[in-house]
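Inspection log for the structure reproduced underneath, given as structure tokens.
Heavy-atom basis, side chains included; hydrogens, waters and symmetry copies ignored.
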Amino acid sequence: MASEQDVRARLQRAGQEHLLRFWAELAPEPRAALLAELALLEPEALREHCRRAAEACARPHGPPPDLAARLRPLPPERVGRASRSDPETRRRWEEEGNTS
């Protein structure tokens, strides 16, 4: 198992040392459990994950501004109706749970 110092160094490289902020307040058993979990983290992967999460939070919420301009109706040949399907196909769909 990784030592506390090893885990601290790895977390620091990942910019996540705050995860051990309350370390001193933990009893030995919870410390060991936390250390075991944190030892599994890869610093570079954790840093990249946190970077992507921060970028995602900084982006405006909702659809992209140009989405409406890119949307086009489906061509009629791509749109179907269950009622126009052959009886055998409809029967299979009904058996699978489609009751339309």
With sequence neighbours left out, the residues meeting salt bridge (Lys or Arg N to Asp or Glu O under 4.0 Å) with R47 are E44

For E29, check salt bridge (Lys or Arg N to Asp or Glu O under 4.0 Å) against everything at least two apart and list the hits. none

Return the minimal non-hydrogen interatomic distance between P43 and A14, and the atom names on each side. O-CB, 3.4 Å

Results of side-chain contact (heavy atoms from CB on, under 4.5 Å) for A9 - residues two or more places apart only: R13

Hydrophobic cluster mates of L74, side-chain heavy atoms under 4.5 angstrom, ILVMFWY only, any path? V79

Test side chain to side chain contact (heavy atoms under 4.5 Å, CB included) on V7 and L41 and set out the steps. CA-CA 9 Å; V7 171; L41 299 175; over 6 Å; no

With side-chain hydrogen bond (donor to acceptor under 3.5 Å, both in side chains) as the rule and sequence neighbours excluded, what pairs involving residues 56-67 come up? none

Among all residues two or more places apart in sequence or in another chain, which pass the side chain to side chain donor-acceptor pair (under 3.5 Å) test with R8? E4

Checking E88 now: which residues fulfil salt bridge (Lys or Arg N to Asp or Glu O under 4.0 Å) with it, not counting sequence neighbours? R91

What residues, two or more places apart in sequence or in another chain, satisfy side-chain contact (heavy atoms from CB on, under 4.5 Å) together with L40? none

Heavy atoms from other residues, nucleotides or ligands near CZ of R84 exceed 12 (cutoff 6.0 Å): no

Test of understanding: with salt bridge (Lys or Arg N to Asp or Glu O under 4.0 Å), list the residues that count as partners of E48, not counting sequence neighbours. R51, R52

Smallest separation among heavy atoms of E42 and R10, with atom names: CA-NH2, 3.8 Å

Taking side-chain contact (heavy atoms from CB on, under 4.5 Å) as the test, write out the residues that go with P60, two or more places apart. none

Please identify each residue that fulfils side chain to side chain donor-acceptor pair (under 3.5 Å) with S85, with sequence neighbours left out. none

How long is the gap from CG on L67 to CZ on R70, to the nearest 0.5 Å? 5.5 Å

Return the set of residues passing side-chain contact (heavy atoms from CB on, under 4.5 Å) with L26 (not counting sequence neighbours), or none when no residue passes. W23, P30, R31, L34

